[in-house]
There are 2 protein chains.
Amino acid sequence: MSKLPRRESFGYQVNHLGRLFARALDRKIQPLGVSTGQMPTLLALFEQDGLSQKELIARVQVEQPTLANTLNRMERDGLVQRESDDQDKRSSRFFLTEKARDIQSPLIASARAINALAVTGFAEQEQQQLLDLLTRMIGNLQTGGHT
Amino acid sequence: MSKLPRRESFGYQVNHLGRLFARALDRKIQPLGVSTGQMPTLLALFEQDGLSQKELIARVQVEQPTLANTLNRMERDGLVQRESDDQDKRSSRFFLTEKARDIQSPLIASARAINALAVTGFAEQEQQQLLDLLTRMIGNLQTGGHT
DNA sequence: GGTATTTACATTCCATGCTATATAAATGAG
DNA sequence: CTCATTTATATAGCATGGAATGTAAATACC
């Protein structure tokens, strides 16, 4: 066939949906002084504070230069603070500021709200199924990706 | 709860998956001189050539400034050519170049290949279900989005 | 112990996407 | 016809993300 219906392309739909998620979340958390790209890192630090860049990369699915830039913006915005590591002078550890800890609850509530909005009208079983299918698809593309 | 497991967040997973799709496709079509952001516009023009920016926006799920930039890059890369509209001097129509038409088949084949890779191990019914769930989720976020 | 390699980050460059705003042509109101 | 409004793009500014590459500290090897 010489054409490709975008409505039936997973790549197209997933990309579109991803941007809808980002925009919806952005509008919610902007008043808190946080942007979407910072969320994964914040969530990771909420679970365990004082991680290094390397440790964060293992938790956040993003390339190293992307995280480095994100951390710079987060430091600029007063969300994290870096302390150079005594053991390894190449590395530093990132700690949440009070400002970041203060907004932990509303931030997580915002993320939950967007997720809840997204699954409006979904049966519990459908949510589980969707999560399962997405996870399998991620697995397929990760395996096929890194040659 | 004070934490939010990223593995169970739809926004997180969809965002990650979207980037995996983009990267996989990019590697495939880079040799053809095309990048992912140009694909939706190319597919739209394959279906109907000579569309205006306004008409493209109705087909590609992207904001107007994003499309304007994409079209500039596509013109720079020799994929499209713009002709000012006689009826409306504010507008111009975009036509595929021979270079673009020449790679139509491999481009569409590439997109299909990535989609096929993504659904490896999926039953036909699962693919339909996933498409349905994604479409419903998109609907939820679009409705909830534009207040 | 000194050199080669690896590792942890930083930097550069670019594409994609959004918001906000500017601009010029088309359209509508009177 | 004239002025106000709308419409089609353009532009500016920024965030996010990736590839490629540079750099300095840590480690491995002789």
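In what follows, every chain begins at residue 1, and chains take the letters A, B, ... in the order their sequences are listed.
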Could you give the [atom1]-to-[atom2] distance, from [X] to [N], as a whole number of Å?
| X | N | atom1 | atom2 | result |
| --- | --- | --- | --- | --- |
| Q30(A) | dT16(D) | CD | C1' | 15 Å |
| K28(B) | dG18(D) | NZ | P | 20 Å |
| D85(A) | dT7(C) | CG | C1' | 14 Å |
| L71(A) | dG17(D) | CG | P | 12 Å |
| N69(B) | dA8(D) | CG | P | 19 Å |
| R27(A) | dA20(C) | CZ | P | 10 Å |
| L67(A) | dA15(D) | CG | P | 16 Å |
| N72(A) | dC9(C) | CG | P | 13 Å |

Heavy-atom closest pair, residues [X] and [Y]:
| X | Y | result |
| --- | --- | --- |
| L45(B) | G50(B) | CD2-N, 4.1 Å |
| S52(B) | R93(B) | N-NH1, 3.4 Å |
| R136(B) | G121(A) | NH2-O, 3.0 Å |

Report yes or no: do [X] and [Y] form a side-chain donor-acceptor pair below 3.5 Å?
| X | Y | result |
| --- | --- | --- |
| R19(B) | N15(B) | yes |
| Q81(A) | E75(A) | no |
| R59(A) | Q48(A) | yes |

Any donor-acceptor N/O pair, [X] side chain to [Y] backbone, under 3.5 Å:
| X | Y | value |
| --- | --- | --- |
| Q38(A) | S35(A) | yes |
| D85(B) | S91(B) | no |
| N140(A) | T120(B) | yes |
| T70(A) | T66(A) | yes |

Is R82(A) positioned over the aromatic face of F95(A), cation under 6.0 angstrom from the ring centre and no more than 45 degrees off axis? no
Assess whether one donor atom and one acceptor atom, taken from the side chain of Q64(B) and the base of dA10(D), lie less than 3.5 Å apart. yes
Below 4.5 Å, heavy atoms only, C-beta onward: do L96(A) and L79(A) meet side chain to side chain?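 Not touching, per the 4.5 Å side-chain cut-off.
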Options dG17(D), dA20(D), dA12(D), nucleotide nearest the side-chain atoms of P65(A): dA20(D)
Counting side-chain heavy atoms from C-beta on, which of dA15(C), dT19(C), dG17(D) comes nearest to R73(B)?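 For the R73(B) side chain, the nearest candidate turns out to be dA15(C).
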Among residues 9-19 of chain B, which residues get a heavy atom nearer than 4.0 Å to DNA chain D?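 Per residue number, the list reads N15(B), R19(B).
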It should be established whether R93(B) places a side-chain nitrogen or oxygen under 4.0 Å from OP1 or OP2 of nucleotide dT9(D). no
Can you tell me if T36(B) touches the phosphate of dA15(C), counting only side-chain N or O atoms and a distance under 4.0 Å to OP1 or OP2?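 Negative; the distance criterion is not met.
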Given protein heavy atoms under 4.0 Å, the one-letter contact record of nucleotides 22-27 of chain C, with B base, S sugar-phosphate only and - none, is simply ---BS-
What does [X] touch in the nucleic acid at a heavy-atom separation under 4.0 angstrom: a base, only the sugar-phosphate, or nothing?
| X | answer |
| --- | --- |
| E63(A) | sugar-phosphate |
| T66(A) | base |
| T70(A) | nothing |

Where along residues 38-59 of chain B does a heavy atom fall under 4.0 Å from DNA chain C? Q38(B)
